[in-house]
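Have a look at the structure below before the remarks.
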Amino acid sequence: MTEYKPQQLDQKWQAQWTAARAFEVQEDPARPKYYCLEMFAYPSGHAHVGHVRNYIIGDVMARTKRLRGFNVLHPVGWDAFGLPAENAAIKTGTPPETSTFNNIAHMKGQLQRLGVSYAWDREIATCLPEYYKFNQWIFLKMFERGLAYRKRSTVNWCPSCQTVLANEQVVEGACWRCGTVVETRDLEQWFFRITAYADELLQGLETLAGWPEKVVVMQRNWIGRSVGARVRFPIADGAIEVFTTRIDTIHGATFVLLAPEHPLVERFAAESPDPAAFRAALAKFRALDRDARLTGKEGFDTGRTARNPFTGADVPIWVANFVLAEYGTGAIMAVPAHDQRDFDFARKYGLPIRVVVQSGDQTVPAGTMSEASTSYGRLINSGEYDGQESPAVLTRLIADAEERGIGAGEVQYRLKDWGISRQRYWGTPIPIIYCDRDGVVPVPLDQLPVALPKVTAFTGKGDSPLAQVPEFVTTTCPVCGGPARRETDTMDTFVDSSWYFLRFCDPRNTDLPFDPANASYWMPVDFYSGGVEHAILHLLYSRFFTRVLRDVGLVAFDEPFRRLLTQGMVLKDGAVMSKSKGNVVDPDDMLSKYGADALRLYVMFVAPPEKEVEWSDSGLEGSFRFLVRVWRLVDHWAETIGGEGIPPCGDDGTDAERRLRRKTHETIRRVTADIEERMHLNTAVSSLMELVNELYVFSEGTVHGAPSRHPQELGEVERMQSIAALREATDALVLMLSPFAPHAAEEMWQLLGHTESLAQAQWPGFDPAVAQAAEVVVPVQINGKVRARLTVPAATTDDELRALALSDAAVRQHLDGRTVRKVVVAKGPLVSLVVQ
RNA sequence: GCGGAAGUGGCGGAACGGCAGACGCGCUAGCCUCAGGAGCUAGUUGGAGCAAUCCAGUGGAGGUUCGAAUCCUCUCUUCCGCACCA
């Protein structure tokens with residue numbers, strides 16, 4: 001009797017895996033590949049059990065696929081650039097690279113203690129020059145193609161911290177760090193032209209059958225494709241262009257609205273009879289603009305008019321807070337009768353409302369409307385278009401507008417180009433040089449990487465920290481050799497994570513981001529898991545980068561991730577774990593108490609992987625108890641059933657033996673499907689628990705002496721057949737348990753006399769003939785309720801079942817003289833009687 | 001407001017139109033123990049019954065079906081995402 005000592009097993013097997021480089025892989029075209037990836041981690045310091053869940057989900061998939069014969073790539077890396085390290089440097093003076101590498105070292109230890117089967121030889125960290133060199137390489141390729149460009153744009157600025165903030169760092173209009181109200185500043189920024197791929201990214205969503213519908217929908221909404229028309233409303237000296245999806249309502253456009261930032265607003269001010277008064281109104285308006293944007297409809301009259309090109313009427317031009325400068329043309333035609341926002345605005349300022357679409361039979365007079373009518377219908381008050389139905393009339397109106405030269409069909413996207421400039425230190429330098437003579441000059445590819453210089457003093461004040469490093473800024477122009485300045489902004493860290501999965505295919509390449517041949521072998525990622533918080537940004541950017549690299553010629557596919565699992569968070573006391581709340585469950589505490597396997601098993605068993613779960617100490621104990629139970633069983637039988645020379649199971653077993661074998665094969669079928677097809681890892685574990693329960697039942701029924709589940713009293717098996725059945729069940733159990741509890745499984749595999757390690761083993765085979773019971777229990781339903789059960793040979797025909805059901809005593813009692821109107825024999829099998 | 005997902009025992013959850021509550025946690029009783037926060041056995045949706053068994057039951061109301069937790073319609077609730085996108 002050996003005791004289950006998980007900590008010893010963890011150490012022993014982790015050391016063996018490391019020594020044997022057990023999970024390192026090479027490209028091998030002869031074998032089917034499987035690329036299993038978890039979203040790589042930001043090295044924040046300590047992983048909590050929420051992170052652990054993600055790694056273990058991936059590890060269960062990776063380990064299962066290895067046993068299934070796949071060449072499995074399961075790499076690990078670090079999303080190592082980012083703000084927290086830099087903020088820590090400002091606060092404590094610890095250089096970002098120091099804290100980052102310390103954190104990586106600690107978290108790496110945690111992952112290793114969990115026994116995650118990573119290909120450690122492929123480990124990457126995005127903050128290393130050998131990695132970010134290729135961020136720069138890709139940037140330059142995009143620059144070449146016009147996909148990276150520079151323009152002035154508005155950024156968030158914290159006047160107290162003297163720095164730019166990302167949108168995510170602005171909480172309710174204030175700086176996340178100091179709470180100061182955030183201002184906006186116009187800066188020259190670099191952008192990636194993701195909008196060039198908007199349609200392709202949208203259409204590609206249709207092919208993502210292995211993604212959660214939720215994520216697909218979120219991306220579709222984020223891209224936000226709108227089909228409509230651009231229409232010109234002439235003004236005295238030019239025209240205002242508006243974008244509309246409802247050109248069918250254009251005869252009801254009774255005024256035009258401009259965004260406060262619209263270029264014409266400034267011109268109107270200058271040309272107004274009283275520019276000072278106009279500017280005062282505008283200034284007042286802009287002051288309340290930020291909050292008013294969210295709360296209500298605000299505006300003021302410019303005193304000018306535009307002509308509705310379809311009605312010929314002159315309509316007033318107003319400025320309105322709710323019109324967005326960055327969407328469409330920054331100007332809209334307002335149709336108060338058929339748009340709720342325009343309706344509210346018209347009512348507030350007494351502007352005319354004109355009904356032009358009739359949805360029901362009766363016309364609603366504009367004066368009595370309580371809200372806008374936004375549905376399609378038959379046009380009225382629309383001149384020659386009266387009586388036509390929208391949406392069909394949309395096409396005709398667009399065609400007519402094109403013919404008259406006043407507009408054209410147009411598609412708009414909510415998706416905007418991706419601003420990647422960050423006025424921060426701890427990121428990839430943008431490989432651009434500014435020369436007074438040659439302008440914006442890309443750093444030549446052979447001069448990469450543009451290395452991030454060491455900075456010692458982090459103040460958090462002023463512009464980009466790199467601007468304060470003269471030896472970095474000062475350089476020579478690659479074109480003319482004259483004095484020049486380097487770009488001092490760094491790239492958004494989302495750039496780093498947009499292609500790292502490709503780098504894993506060839507992580508040590510010094511010439512290219514990766515060898516196309518390697519990527520062609522490993523990609524796409526077959527299984528990708530991570531938090532749903534990346535549903536849009538990271539997953540959209542990665543799809544964008546993949547297409548860019550396709551056009552550059554490095555890959556030959558469009559979609560990087562075949563199957564996506566968004567894992568749920570682990571909560572403690574109903575809240576997300578965080579240091580400030582003091583509710584963090586540290587995996588290391590759990591490891592020292594119960595070992596890696598119990599923790600792994602628990603987080604897989606507690607709920608389906610995509611569900612949010614509440615951490616439970618007693619649940620973890622339950623998983624530990626289960627492992628002890630398995631251990632005792634295997635330890636007890638190992639000598640009897642282990643080693644060589646156990647014959648395969650025959651066909652002439654006793655009932656108990658047949659029953660155990662049936663359970664074994666049924667479990668193989670279920671566990672395999674649960675992991676590979678359904679990703680229901682929780683039910684895979686519960687099936688294994690059932691098999692263990694069955695093994696204990698079998699042990700009682702086939703041994704000498706008093707039946708007992710006391711391990712000490714488990715007896716001897718009498719028949720070679722029983723030994724064979726036990727061996728089959730136990731081998732299958734250990735193999736199927738190994739993805740979840742790899743350390744205990746390796747040890748038990750050895751105990752059972754296997755000389756090769758689990759790394760060389762194969763997943764157990766499923767035999768449907770064995771899983772098939774000789775006798776089946778067939779429920780009999782009467783009017784939908786089960787009233788009897790028939791135990792019949794599996795081969796019983798439908799006709800026989802029908803006859804047996806009708807003659808069954810319990811059934812007859814329930815029929816009680818009533819007439820049977822219909823008998824259905826369904827697959828299952830199951831007999832259903834309809835009785836009147 | 002729009003969009004998405006989900007409502008099943010005391011709890012986490014099973015059940016891919018066919019026996020509701022698998023598996024586990026917790027709880028109850030018992031066994032074993034010097035002892036036990038160990039192990040084992042039995043029970044554990046509610047109601048009725050000594051019992052076999054019967055009745056009700058998957059947020060609510062309808063519907064489709066021989067048969068619905070599952071599909072459809074409406075409705076309530078919760079969570080998540082986007083939030084003036086013209």
Side-chain angles (χ1 to χ4, degrees), chain A residues 212-218 220-222 224-226 228 242-246 249 253 257 259 293-297 320-324 326-335 338-342 344-345 412-416 532-533 535-536 568 601-602 605-608 610-623 625-626 628-629 632 670 673 677-678 680 682-693 696 707-713 777-789 810 820-835:
Chain A
E213 182 63 19
K214 174 188 175 142
V215 175
V216 171
V217 169
M218 281 166 75
R220 186 178 296 131
N221 293 341
W222 186 263
R225 184 175 196 265
S226 290
V242 302
F243 174 74
T244 179
T245 55
R246 291 295 302 274
T249 65
L257 297 174
R293 273 254 156 109
L294 299 168
T295 51
K297 305 283 174 286
N321 67 326
F322 66 92
V323 179
L324 305 173
E326 63 273 19
Y327 185 77
T329 60
I332 63 167
M333 64 175 207
V335 185
H338 305 295
D339 181 283
Q340 190 57 41
R341 295 155 299 175
D342 300 348
D344 294 342
F345 195 82
Q412 281 284 341
Y413 300 91
R414 299 177 66 171
L415 181 69
K416 289 175 210 127
V532 73
E533 66 273 18
I536 297 174
L601 193 74
Y602 167 66
F605 175 62
V606 64
E610 39 307 274
K611 285 237 4 177
E612 199 169 80
V613 296
E614 172 71 26
W615 175 261
S616 151
D617 285 328
S618 50
L620 174 58
E621 277 181 56
S623 292
R625 279 203 291 271
F626 169 71
V628 172
R629 228 162 113 73
R632 277 206 318 257
R670 281 169 59 187
E677 287 157 37
R678 308 200 311 160
H680 284 199
N682 57 325
T683 52
V685 175
S686 66
S687 295
L688 293 175
M689 289 172 167
E690 285 186 57
L691 178 59
V692 170
N693 290 343
Y696 270 94
S708 165
R709 294 183 189 184
H710 278 280
Q712 302 88 329
E713 296 175 26
V777 175
V778 180
V780 181
Q781 294 182 339
I782 297 174
N783 291 344
K785 290 219 181 300
V786 176
R787 297 302 187 188
R789 285 163 220 279
V820 177
R821 297 182 62 183
K822 194 168 178 182
V823 182
V824 176
V825 180
K827 67 168 166 51
L830 170 145
V831 182
S832 182
L833 306 180
V834 189
V835 168

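So that the names make sense, note that chain A is the first sequence line, chain B the second, and so on, each numbered from 1.
Of the residues near RNA chain B, Arg341(A) and Ala607(A), the one whose nearest nucleotide (by heavy atom distance) lies more toward the 5' end is Ala607(A).
Contact check, Arg632(A) against rC40(B): a side-chain N or O comes under 4.0 Å of OP1 or OP2. Between Ser687(A) and the phosphate of rA22(B), there is no side-chain N or O to OP1/OP2 separation shorter than 4.0 Å. Checking the phosphate oxygens (OP1, OP2) of rG13(B), a side-chain nitrogen or oxygen of Lys611(A) falls inside 4.0 Å. The side chain of Arg220(A) contributes no N or O atom lying less than 4.0 Å from OP1 or OP2 of rC82(B).
What separates NZ of Lys416(A) from C1' of rC85(B) is a distance of 9 Å, to the nearest Å. As a whole-Å value, the separation of Glu690(A) CD from rG13(B) C1' is 13 Å. Rounded to a whole Å, the NE2 atom of His680(A) is 15 Å from the C1' atom of rC23(B). In this structure, Asn693(A) places its CG atom 14 Å from P of rG39(B), rounding to the nearest Å. Per the geometry, CZ belonging to Arg787(A) stands 7 Å off P belonging to rC54(B), to the nearest Å. Counting to the nearest Å, the P atom of rC11(B) and the CD atom of Glu621(A) are 21 Å from each other. rG13(B) atom C1' lies 15 Å from atom CD of Glu614(A), rounded to whole Å. Regarding Arg678(A), its CZ atom lies at a distance of 13 Å from the C1' atom of rG13(B), rounded to whole Å.
Among the nucleotides rC85(B), rC23(B), rA14(B), the one closest to any side-chain atom of Leu324(A) is rC85(B). With distances taken from any side-chain atom of Arg625(A) to the nucleotides rC23(B), rA86(B), rA38(B), the minimum falls on rA38(B). Of the candidate nucleotides rC80(B), rC23(B), rC82(B), rC82(B) has the atom nearest to the side chain of Trp222(A).
Nucleic acid contact for Ser618(A): sugar-phosphate only, since backbone atoms but no base atoms lie under 4.0 Å from a heavy atom of the residue. Contacts of Pro608(A) with the nucleic acid, taken as non-hydrogen atoms under 4.0 Å apart, involve only primed sugar atoms and P, OP1 or OP2. In this structure, Asp344(A) reaches neither bases nor backbone, as no heavy-atom distance under 4.0 Å exists between it and the strands shown. Gly622(A) comes within 4.0 angstrom of the backbone, heavy atoms only, and of no base.
rG13(B) and rA6(B) have their C1' atoms separated by 14 Å, with the value rounded to a whole Å. For the C1' atoms, the distance linking rU8(B) with rG46(B) amounts to 14 Å, nearest Å. Remark: the separation of the C1' atoms in rG57(B) and rG21(B) is 11 Å, to the nearest Å. Here, rG47(B) and rC11(B) have their P atoms 15 Å apart, quoted to the whole Å. The C1' atoms of rU58(B) and rC50(B) are separated by 31 Å, rounded to the nearest whole Å.
Taking the O4'-C1'-N9-C4 or O4'-C1'-N1-C2 dihedral as appropriate, rG9(B) has a value within 90° of 0 and is therefore syn.
The partner of rC85(B) cannot be assigned: no Watson-Crick or G-U wobble pair with both contacts below 3.5 Å exists in any strand. In this structure, rG26(B) forms a base pair with rU44(B), meeting either the Watson-Crick or the G-U wobble geometry with both donor-acceptor distances under 3.5 Å.
Here the closest non-hydrogen pair linking Val335(A) and Asp342(A) is N-OD2, 2.8 Å.
The closest donor-acceptor contact from the side chain of Tyr602(A) to the backbone of Ser616(A) lies under 3.5 Å.
A donor and an acceptor atom, one from each side chain of Asn693(A) and Arg629(A), are located under 3.5 Å apart.
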Protein-nucleotides 58-66 of chain B N/O pairs closer than 3.5 Å?
residue: rC66(B); atom: OP1; partner: Lys822(A); partner atom: NZ; Å: 3.4
residue: rC66(B); atom: O2; partner: Ser832(A); partner atom: OG; Å: 2.6

